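Quick note on labels: first sequence line is chain A, next is B, and so on, each numbered from 1. As the structure is a computational prediction, the values presented were derived from the model and not from experiment.
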Number of protein chains: 2
Amino acid sequence: MTDKDVRCAVPCKNKCPCMDRCPLGSALRIIGGKWKLPILCALHQDGTTRYNELKRKIFGITNTMLASSLKELEEDGLIVRRQYMEMPVRVEYALTGVCDDLMPILKELAQWGVRVHKEEI
Amino acid sequence: MTDKDVRCAVPCKNKCPCMDRCPLGSALRIIGGKWKLPILCALHQDGTTRYNELKRKIFGITNTMLASSLKELEEDGLIVRRQYMEMPVRVEYALTGVCDDLMPILKELAQWGVRVHKEEI
DNA sequence: CGGCATCCAATAGGATACTG
DNA sequence: CAGTATCCTATTGGATGCCG
């Protein structure tokens, strides 16, 4: 992702939720894509979870997508990966503190989604 | 978009911001894509705006993308299109009431984006 | 002026098989 | 068990030109 892509195409002033160098765009890219929300939701519901347990819970996800999504979420600081040197190896994933702040916002957005859906009927 | 796509892959209980039949996913799809936020931001900053004025303000957007994005936003009830039968024709776009509720949420999400960005340094 | 139609490029996502 | 590697498909976005 280049610097240009992070910037909102519109030169935002403080009225705009995008602000100047759009952290809103960044936020949406971090939680965007097909599997990020399902992963965050699973970890939010059940807490610390192992790789294959996640794979079973998130219906339809492949190894490719689960592994790459987990890696991105970890790089973005939303989850932590803990590996235990047992045999066979055990790897656990859990939400970090930044997600504690994210979840209430997503809940508001979900409620907005409900309203939008109703108004279009 | 099929019904299956709207449903969160994880069977959510009320702890989860996704809830059961994920309106959060719907919300993110509505404002997702490359140009939706820039368009919403432009209309939020400057109010009612004409088609070609939007095109000038949103740097890099093509007719194809502007027209299709505007159509989707209108179908989702986020903007209104008003056409005046003058010569040449005048078409204006403006945000609707649902956006008044959306903007404060996006502002929170933007602030969260700032925090996430800082923590990863 | 405000678009739409057509075609093309880029990226996201999926299937399958294999490994430390 | 927890992933990679490779290849393939689908969706998204862009370029160009035309039209009422």
Which atom of B:G60 lies closest to which atom of B:W35, heavy atoms considered: C-CH2, 3.7 Å
Upstream residue (5' side of DNA chain D) when A:R50 and B:G60 are each assigned their closest nucleotide: A:R50
Enumerate the residues from residues 79-92 of chain B whose closest heavy atom to DNA chain D is under 4.0 Å, giving them by residue number; use none for an empty result. none
Indicate the atoms forming the closest heavy-atom contact of B:R82 with B:A94, along with that distance. NH2-CB, 3.7 Å
DNA chain C: 5'-most and 3'-most nucleotides touching chain B, 4.0 angstrom heavy-atom criterion: C:dC1 to C:dA5
What I want to find out is whether A:E75 reaches A:K71 closely enough, with some N-O distance under 4.0 Å, to be called a salt bridge. no
Would you indicate what B:T62 reaches in the nucleic acid, counting non-hydrogen atoms under 4.0 angstrom: base, sugar-phosphate, or nothing? sugar-phosphate
Start and end of chain B contact along DNA chain D [non-hydrogen atoms, under 4.0 Å]: D:dG13 to D:dT16
Kindly give the heavy-atom pair with the smallest separation between A:D76 and B:V116, and that separation in Å. O-CG1, 3.5 Å
Test salt bridge (Lys or Arg N to Asp or Glu O under 4.0 Å) on B:R81 and B:E92; report intermediate values, then the result. CA-CA 6 Å; B:R81 176 185 187 277; B:E92 293 181 341; over 6 Å; no
Give me the atom names and distance for the closest heavy-atom approach of A:A110 to B:P23. O-CB, 3.5 Å
With no hydrogens and no angle check, is any side-chain donor or acceptor of A:S26 less than 3.5 Å from a backbone partner on B:G113? no
Please check this pair: side chain of A:T96 against backbone of A:L78, looking for a donor-acceptor N/O pair closer than 3.5 Å. yes
On a heavy-atom basis, the closest approach of B:L73 and B:I30 is CD2-O, 4.2 Å
Taking all non-hydrogen atoms of both residues, which atom of B:G32 and which atom of B:K36 are closest, and how far apart? O-CG, 2.9 Å
